[in-house]
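Input: a single structure, listed below in structure tokens.
Note that this is a predicted model, so its numbers are computed, not measured.
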Amino acid sequence: MNSLIIAILYSLSGFLMKFSDDEYDEKSNKLIAIVIGIACGIICAFLASHNIDAAYIFIAILLGSLLSLKIDGIHHIATLAIFLILIFIWGIPELSIATLAICVISAFIDEIGNDNEYIYKKSNFLKTFFDYRFTMKIAILILAILGIYQSFTGFSIINIDFLSISTFVYFLLFEIFYEIARRLFDYC
């Protein structure tokens, strides 16, 4: 798949994910939140079924949210359902359990820390760290750096897939557009 298309789809999925959540949580527009969530689920499933790195990221976000009990609205259920249906139909690449576990644990930690007043009260650093979900960014970056290292040295750890540096850039685009949606929603 073309790098520009992947970048656009990551960006769009981040934007739609936050926009759906804010429509549901802030404006109680359930129907709009569901429709936007379904669009997000379609994009995420398309990426996950056509790109192994995207499969790690989007399945990890899904499982991290599920394990932390953050799937808390009908819009989340609709997004989850369409994502699962489509990856079942389209399939996903064969995944390393170890790499997936690293991504899921990092997503889970981010979800536990995000919007957690107990953690936010501890320090401004922790508030910022979890408000912007840095755990998964760090995990993706480490897996990407190890991927670069592997390409130069042949370094390998059995049963761990390393990610590409372009995946880290795509994930940053996802996060940037997630934040753009947050700012636009706060502004409007």
Side-chain angles (χ1 to χ4, degrees), residues 10-30 33-34 36-37 40-41 43-44 47-48 53-81 83-84 95-146 160 162-163 165 167-188:
Y10 265 89
S11 301
L12 192 54
S13 65
F15 185 87
L16 293 175
M17 190 174 289
K18 182 60 178 167
F19 190 55
S20 171
D21 220 23
D22 283 351
E23 280 294 326
Y24 185 85
D25 292 338
E26 306 299 326
K27 291 191 176 178
S28 297
N29 289 334
K30 291 181 177 140
I34 291 168
I36 294 169
C40 179
I43 293 167
C44 293
L47 282 166
D53 290 2
Y56 285 120
I57 289 170
F58 292 113
I59 291 171
I61 290 171
L62 175 130
L63 291 174
S65 298
L66 202 59
L67 292 170
S68 64
L69 307 177
K70 293 274 183 118
I71 299 196
D72 58 1
I74 189 69
H75 65 303
H76 287 152
I77 295 167
T79 305
L80 171 65
F83 179 83
L84 292 175
L95 302 175
S96 155
I97 298 298
T99 304
L100 184 59
I102 291 166
C103 293
V104 169
I105 290 167
S106 67
F108 175 73
I109 291 168
D110 279 340
E111 288 301 327
I112 291 297
N114 184 263
D115 291 332
N116 185 323
E117 290 304 318
Y118 177 75
I119 292 173
Y120 282 13
K121 288 178 187 175
K122 296 225 178 253
S123 75
N124 284 333
F125 171 78
L126 288 175
K127 181 182 186 316
T128 301
F129 186 88
F130 286 111
D131 196 36
Y132 292 100
R133 295 177 170 96
F134 273 102
T135 311
M136 192 166 184
K137 289 179 190 73
I138 292 168
I140 301 294
L141 178 59
I142 290 169
L143 288 169
I145 289 170
L146 289 173
I160 292 187
F162 298 120
L163 307 180
I165 196 67
T167 296
F168 178 69
V169 173
Y170 299 145
F171 188 61
L172 286 180
L173 286 171
F174 170 89
E175 293 289 337
I176 288 166
F177 278 85
Y178 184 95
E179 288 305 316
I180 288 171
R182 180 196 318 219
R183 307 287 167 144
L184 284 174
F185 200 87
D186 289 345
Y187 181 73
C188 293

Tell me, do Ile61 and Phe174 make a side-chain contact under 4.5 Å, heavy atoms counted? yes
Any side-chain heavy atom of Phe162 within less than 4.5 Å of one from Ile145? no
Student check: side-chain heavy atoms of Glu111 and Leu67 closer than 4.5 Å: no
Any chance you could measure Ser65, atom OG, to Leu80, atom CG, to the nearest 0.5 Å? 9.5 Å
Interatomic spacing from CG in Asn116 to CZ in Phe130 - rounded to 0.5 Å: 8.5 Å
Under a 4.5 Å cut-off applied to non-hydrogen side-chain atoms, are Phe129 and Ile138 in contact? yes
If you look at every heavy atom in Gly113 and Tyr120, which pair is closest and at what distance? O-CE1, 3.4 Å
I'd like to know if the side chain of Thr128 and the backbone of Asn124 have a donor-acceptor N/O pair within less than 3.5 Å. yes
Less than 4.5 Å apart, side chain to side chain, heavy atoms only: is that true for Ile59 and Phe83? yes
Asn29 (side chain) donor-acceptor with Tyr24 (main chain) under 3.5 angstrom: no
Taking it one step at a time, do Phe19 and Phe177 satisfy ring-ring contact (aromatic ring centres under 6.0 Å, His included)? CA-CA 10 Å; Phe19 190 55; Phe177 278 85; over 10 Å; no
Nearest heavy atoms of His76 and Asp21, plus distance in Å: NE2-OD1, 2.9 Å
Taking Lys70 for its side chain and Asn114 for its backbone only, find out whether a donor-acceptor pair lies under 3.5 Å. yes
To the nearest 0.5 Å, tell me how far Phe168 CZ sits from Leu173 CG. 10.5 Å
Would you mind reporting whether Tyr56 and Leu95 have side-chain heavy atoms less than 4.5 Å apart? yes
When you measure from the side chain of Lys18 to the backbone of Gly14, do you find a donor-acceptor pair of N or O atoms at a distance under 3.5 Å? no
In Å, rounded to the nearest 0.5 Å, how long is the span from CG of Leu163 to CG of Asp53? 4.5 Å
Rounded to the nearest 0.5 Å, what separates atom CD in Glu23 from atom CD1 in Ile36? 5.0 Å
Looking at side-chain heavy atoms only, is the closest gap between Cys44 and Leu62 below 4.5 Å? no
Cation-pi check for Tyr132 against Arg182: NZ or CZ below 6.0 Å from the six-membered ring centre and within 45 degrees of the axis, yes or no? yes
Using side-chain heavy atoms (C-beta onward) and a distance below 4.5 Å, is Met136 in contact with Ile57? yes
Residues pairing under side-chain hydrogen bond (donor to acceptor under 3.5 Å, both in side chains) where one sits in residues 96-110, two or more places apart or in two chains, turn out to be Ser96-Thr99, Asp110-Thr135
Ser20 side-chain N/O to Ala33 backbone N/O, donor-acceptor pair under 3.5 Å: yes
Of the non-hydrogen atoms in Ile112 and Ser68, which two are nearest, and what is the gap between them? CD1-CB, 3.7 Å
From Asp115 CG over to Lys127 NZ, what is the distance, rounded to the nearest 0.5 angstrom? 8.5 Å
